[in-house]
Amino acid sequence: MPDLRAPRGMHDLLPDDEPLWLHVRDTAERVARAFDYRLIQTPLVEDAGVFQRSAGGDSDIVAKEMYVFDDRGGDRLALRPEGTAGVCRAYLEHGMASRPQPVRLYYCGPFFRYDRPQAGRYRQLWQFGVENIGDGSPAADVETIELQHLLYQELGLRDLALRVNSIGTAETRHRYVATLTEHLRPHAATLSPDSQRRLESNVLRVLDSKEDAGHPALVSAPSILDFLAPADVDHFTRVCASLDALGISYAVDPRIVRGLDYYARTVWEFEPPEAGGQSTVGGGGRYDGLIEMLGGPHTPGVGFATGIERIVLNLRERGLGPAAPAAPDVAMIALGEAGEAAALSVARALRAAGLAVRGATPGRSMRAQLRSATSAGARFAVIVGDAEARDGVVQLKPLTVTADQATVAVGEVAEAIRSRG
RNA sequence: GUGGGUGUGGCCUAGCGGUUAAGGCGCCAGGUUGUGGCCCUGGAGAGCGUGGGUUCAAAUCCCAUCACCCACCCCA
């Protein structure tokens, strides 16, 4: 066991993981482009203030999960724990408000949260997400939900359940929190210790408690939906109506609260059926106040993020996705010094013709090189020995196709391969 | 941060107090002259997470520690 290992909770993505992982990333990008979203890549590191001011100083993500450090110049930086704040910072910094609105963006990259690792939970995690900035209408909420929904459909995750809620605006939430606290406080003694703690720190989270799910005080708790301002109710009603029209099934769940302070109005989550623990595959919401918190003008926005590792986890559980890695079209086999030199130029020509060509390992026996070509899954072996080099030909040997081995002139190898499929 | 489980070559696993730690996969090399996939043979590779202790003797028992996994918490 080597004494140097990957940091806790951080993992190497190995060649065997590649097919599934790329499948997920490519599918996500394809779906995003189908909705005309454009790629944005922000730094993995931001001024810590970007997250402190947006997500909320006492959100878990910022308070206990953020990697923060001072750089050599004394700036206080943070490894990004989530994507929306950085994208909004970039939106502001690059004056995207003067582009046609809304601005549709997607991103894909690593994020960092200092948390205890667990199944589906990592300290470095990959997220794919989209942000729709500049459109406050219900249509934008619906568009991002539809995009996320389609992404899961395309991947074959048909059974993820969508739960939606509206948590209103900051003011309505403020009123709700006050009432909820009042409602729960008399029952504090009978609530679980965790809920008692949340009662003081973050009342909304009490609603999320699994332990107290059946507690009378929670069952009879007021619903945030009853506290929404008329405009918020209207917004939410229209979101739901559009989802209905699209045939996207969902459940309204007034107990959904998302972890970040900047959310307002619509919030949602996609979860596998009957799963507990680290099960959320992706979630999103509207964040109309966020850009203001970052020092910009009031700007509406909505988006979602989904965890690549959690998608992969779910695909594996269901046996979905591609299994076989891409195999090369050709494996070069070189024998002798002249053969080795000739194989190099033949390989270059084949690659120029668009074929994937695995280079030869000239020191090894023909048998060894052929075995290696077979295990690599190459469709053809191209054998070049001193005799072939002298005559300007190669031996074209089909490995996965049934066809006879043939002697082919150096200039006609690519064509010969094409004609043999 | 809290609780539980696990820790043997690259991977999977056997061994659970006593000779040079066993097997499978994978890897490398051979099975006559430049031809693979099956099969056969041989080889390299661990001293049993780490440290300490018990014992004549420990991978096997005890303690500590670390890592990983699972759950709580929280979230992707």
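Proteins come first, then strands; the chains are lettered A, B, ... in the order of their sequence lines, and each starts at number 1.
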Could you let me know what [N] is paired to, Watson-Crick or G-U wobble, both distances under 3.5 Å, or none if it's on its own?
{"N": "B:A59", "result": "none"}
{"N": "B:C72", "result": "B:G1"}
{"N": "B:U19", "result": "none"}
{"N": "B:A64", "result": "B:U50"}
{"N": "B:C28", "result": "B:G42"}
{"N": "B:A14", "result": "none"}

Whole angstrom value for the distance that separates [atom2] of [N] from [atom1] of [X]:
{"X": "A:Asp115", "N": "B:U2", "atom1": "CG", "atom2": "P", "answer": "14 Å"}
{"X": "A:Arg364", "N": "B:G36", "atom1": "CZ", "atom2": "C1'", "answer": "13 Å"}
{"X": "A:Met366", "N": "B:U35", "atom1": "CE", "atom2": "P", "answer": "5 Å"}
{"X": "A:Met332", "N": "B:U35", "atom1": "CE", "atom2": "C1'", "answer": "15 Å"}
{"X": "A:Leu162", "N": "B:A76", "atom1": "CG", "atom2": "C1'", "answer": "16 Å"}
{"X": "A:Leu370", "N": "B:G31", "atom1": "CG", "atom2": "P", "answer": "14 Å"}
{"X": "A:Asp16", "N": "B:C12", "atom1": "CG", "atom2": "P", "answer": "13 Å"}
{"X": "A:Leu396", "N": "B:G36", "atom1": "CG", "atom2": "P", "answer": "17 Å"}

Taking the six-membered ring of A:Tyr114, is the NZ or CZ of A:Arg123 close enough (under 6.0 Å from the centre) and on axis enough (within 45°)?
->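 Judged by the rule (NZ or CZ under 6.0 Å from the ring centre, within 45° of its axis), A:Arg123 counts as positioned above A:Tyr114.
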Do A:Arg175 and A:Phe227 meet the cation-pi criteria used here (NZ or CZ under 6.0 Å from the six-membered ring centre, within 45° of the axis)?
->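 No, A:Arg175 does not lie over the aromatic ring of A:Phe227.
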Residue-phosphate contact under 4.0 Å: A:Arg116 side-chain N/O, B:C73 OP1/OP2 |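 Negative; the distance criterion is not met.
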Could you check if the base of B:G49 is syn or anti? Syn means the glycosidic torsion is within 90 degrees of 0.
->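 Judged by the O4'-C1' to base torsion, B:G49 sits in anti, the angle falling more than 90° away from 0.
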Please report the distance separating the [atom1] of [N] from the corresponding atom of [M], rounded so that it comes out in whole Å.
{"N": "B:A64", "M": "B:U60", "atom1": "P", "value": "16 Å"}
{"N": "B:G30", "M": "B:G36", "atom1": "P", "value": "12 Å"}
{"N": "B:C27", "M": "B:G45", "atom1": "C1'", "value": "9 Å"}
{"N": "B:U2", "M": "B:A46", "atom1": "P", "value": "38 Å"}
{"N": "B:C66", "M": "B:G49", "atom1": "C1'", "value": "8 Å"}
{"N": "B:G31", "M": "B:C38", "atom1": "C1'", "value": "14 Å"}
{"N": "B:G53", "M": "B:C12", "atom1": "C1'", "value": "32 Å"}
{"N": "B:G18", "M": "B:G52", "atom1": "P", "value": "23 Å"}

Would you mind reporting whether A:Cys108 and A:Gln127 have side-chain heavy atoms less than 4.5 Å apart?
->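 The answer is no; the side chains never approach within 4.5 Å.
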Contact class for [X] (heavy atom, under 4.0 Å): base, sugar-phosphate, or nothing?
{"X": "A:Ser365", "result": "sugar-phosphate"}
{"X": "A:Glu309", "result": "nothing"}
{"X": "A:Tyr122", "result": "base"}
{"X": "A:Gly284", "result": "nothing"}
{"X": "A:Ile311", "result": "nothing"}
{"X": "A:Arg113", "result": "base"}
{"X": "A:Ala387", "result": "base"}

Checking [Y] against [X]: is there a side-chain donor and acceptor pair closer than 3.5 Å?
{"X": "A:Ser279", "Y": "A:Glu271", "result": "yes"}
{"X": "A:Glu131", "Y": "A:Thr84", "result": "yes"}
{"X": "A:Asp226", "Y": "A:Tyr176", "result": "no"}
{"X": "A:Tyr262", "Y": "A:Glu82", "result": "yes"}

State whether the side chain of A:Arg113 and the backbone N or O of A:Gln124 hold a donor-acceptor pair below 3.5 Å, judged by distance alone.
->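 Such a contact is absent between A:Arg113 side chain and A:Gln124 backbone.
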[X] (side chain) and [N] (base): donor-acceptor pair under 3.5 Å:
{"X": "A:Arg5", "N": "B:A67", "answer": "no"}
{"X": "A:Gln369", "N": "B:U35", "answer": "no"}
{"X": "A:Arg121", "N": "B:C73", "answer": "yes"}
{"X": "A:Gln118", "N": "B:C73", "answer": "yes"}

Of all the choices, [options], which nucleotide is nearest to the side chain of [X] once you look at every atom?
{"X": "A:His11", "options": "B:C69, B:U35, B:C73", "answer": "B:C69"}
{"X": "A:Glu388", "options": "B:G34, B:G36, B:A76", "answer": "B:G34"}
{"X": "A:Gln127", "options": "B:G34, B:C70, B:A76", "answer": "B:A76"}

Looking at A:Asp47, A:Asp71, A:Val68, which hits side-chain contact (heavy atoms from CB on, under 4.5 Å) with A:Arg76?
->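 The residue from A:Asp47, A:Asp71, A:Val68 that satisfies side-chain contact (heavy atoms from CB on, under 4.5 Å) with A:Arg76 turns out to be A:Val68.
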First locate atom CG of A:Asp115, then atom CE of A:Met66, and finally report the distance between them rounded to the nearest 0.5 Å.
->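 It comes to 14.0 Å.
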Taking the nucleotide of RNA chain B with the closest heavy atom to each, which residue, A:Pro7 or A:Arg123, is nearer the 5' end?
->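 In this pair, the answer is A:Pro7.
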5' precedence on RNA chain B between A:Met10 and A:Ser375 (nearest-nucleotide basis) |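 Of the two residues, A:Ser375 wins.
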Anything under 3.5 Å between a protein N or O and an N or O of nucleotides 37-44 of chain B, put it in a table, one pair a line.
| residue | atom | partner | partner atom | Å |
| --- | --- | --- | --- | --- |
| B:G37 | OP1 | A:Arg371 | NE | 3.2 |

Stepwise salt bridge (charged side-chain N to carboxylate O under 4.0 Å, His left out) test for A:Asp159 and A:Arg318 | CA-CA 11 Å; A:Asp159 56 349; A:Arg318 294 166 176 72; 3.1 Å; yes
